[in-house]
Amino acid sequence: MPGDLDEGKCKIHGKPVEMLSEDNWFFKLSAFVPQLLEHYKNNPQACEPASARNEVIAFLESGVRDLSISRSTFDWGIPVPWDTDQVIYVWFDALLNYATAVGLGDDPNSEGGKKFAATWPADVHLVGKDILRFHAVIWPAMLMAANVAIPKKVFAHGWLLVGGEKMSKSKLTGIAPSDITEHFGVDAFRYYFLRAIPFGTDGSFSWEDMSARYTSELANDFGNLASRLIAMIEKYCDGKIPAVATDAGLSKLLAETVENADKAMVALDFQGGINSIMDFCKRVNGYVTEKEPWAIAKDETRTAELNEVLYNTADSIRALAVLLHPVMPATTQTLWESLGAQETLGDISAQKISDVATWGVLPAGCKVTKGAVLFPRLE
RNA sequence: GGCGGGAUAGCUCAGCUUGGUAGAGCAAACGGCUCAUAAUCGUUGUGUCGCCGGUUCAAAUCCGGCUUCCGCUACCA
């Protein structure tokens, strides 16, 4: 726009601009402003986080103009059916894909039509904050125009920053994911970005922070807990999970953990969800230290007590493995097999979150095996 | 320029709506323990709460001003 120019030149590229004009087809976006405003004001959860919703509302209230949705100066694109000199503006048909890909427009009795009926409207659109407007204003307006239900929620996530700046290839501040996964592994990568960066705001990545969390949370808290349990089961129980036992404190805390974590995950608060799970992990480490099974093991008259402590620890770790499986599929699978749970409980991916808090799931007699260290310490 | 958000322990951040001697995690120091990946458990310290002023018995919190960082300010996707 003329007001955005710096002495007639583009502010970003510093190049002179050329004014062009062409005739296009327009979408009457302005007609849907009242409906959209009402929707977002009545349903705050329809656009999150709040900062994104505020921007959308501010935009809608600032005076929305109709949208040019065709182009005539090039021919790559889908021709406008009634005007073949024009092609559809790329965002217009790109957005349409969300619905057509699951069957919008197909015969209601066809496979596509049935899929559309079963899946639409989407529960949530996850988008980057830079394309929020397309998904929170233009797309729902298009659906309203077509009399199709709009997605229940649009959630705009933030950017990854490095040294305070958005990762950028042109500024050479980008870090290839492979650089990180080669060093820390894919599971730690997934864990870090879900755990350390609040979803919905920009967040900073640094090798220092990633290393600190890897060592403290994954290697020390989680990996080492599994390591100490398996070593004791092998040493004190002949490698077999002892009889099912219960600890009121642990089972109560697990129930609270599952409830909080599930609630947070559903609300897309991945950081909060993982945080709850890791708090439970810490408590289990504390439980082991307080119970001192290595001391109990020295007294042959206290075998029953020893078995209880080890069982409670093992079942806690069983729950941790299931809870963290969506975040770290490979590592928790390894742990699952180490616990001997694969043979007795089946695939870890088949375990239900709704059953995780049920105590005493891990059967007695599971043969544990000491595998490779889950998260080896790194330099 | 307009609108919006942030500035709190070495680091990442919570607290501010409903004023009452400043919190968590990590890092650090010290102690315990030895099943474990020099691990784990416990204890401890840490702050001109961005700056200036106001209201108040009392301000990180309320009000005014300022500094500074960031986002949005539409049709490149």
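All values reported here derive from a predicted model rather than from experimental measurement. So that the names make sense, note that chain A is the first sequence line, chain B the second, and so on, each numbered from 1.
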Under 4.0 angstrom, heavy atoms only, what part of the nucleic acid is [X] near: base, sugar-phosphate, or nothing?
X      : result
A/G223 : base
A/V64  : base
A/Y89  : sugar-phosphate
A/V373 : base
A/F375 : base
A/A219 : base
A/G128 : nothing
A/D221 : sugar-phosphate
A/N54  : nothing
A/R283 : nothing
A/S51  : nothing

Query raised in the report: Does the gap between the ring centers of A/F193 and A/F205 come in under 6.0 Å?
Result: yes
Taking only side-chain nitrogens and oxygens of [X], does any of them come within less than 4.0 Å of OP1 or OP2 of [N]?
X      : N     : value
A/N275 : B/G25 : no
A/K282 : B/C26 : yes
A/R228 : B/U34 : no

**Report entry** Side chain of A/K129 (C-beta onward), nearest among B/U37, B/C26, B/G71
**Finding:** B/G71
Query raised in the report: Of the nucleotides B/A77, B/A74, B/G71, which one has an atom closest to the side chain of A/E55?
Result: B/G71
Report task. Calculate, to the nearest 0.5 Å, the distance between atoms CZ and CG belonging to A/R283 and A/D221 respectively. Result -> 13.0 Å
Requested in this report: Using the six-membered ring wherever Trp is involved, compare the ring planes of A/W139 and A/H125 and label them parallel, tilted or perpendicular (cut-offs 30° and 60°).
Outcome: perpendicular
Requested in this report: Please work out which of the three classes, parallel, tilted or perpendicular, describes the rings of A/F184 and A/Y214, given edges at 30° and 60°.
Outcome: tilted
Query raised in the report: Counting only Watson-Crick or G-U wobble pairs whose two distances fall under 3.5 Å, which nucleotide matches B/G31?
Result: B/C41
Query - Test ring pair (Phe, Tyr, Trp, His ring centres under 6.0 Å) applied to A/H157 - qualifying residues, sequence neighbours left out - result: A/F199
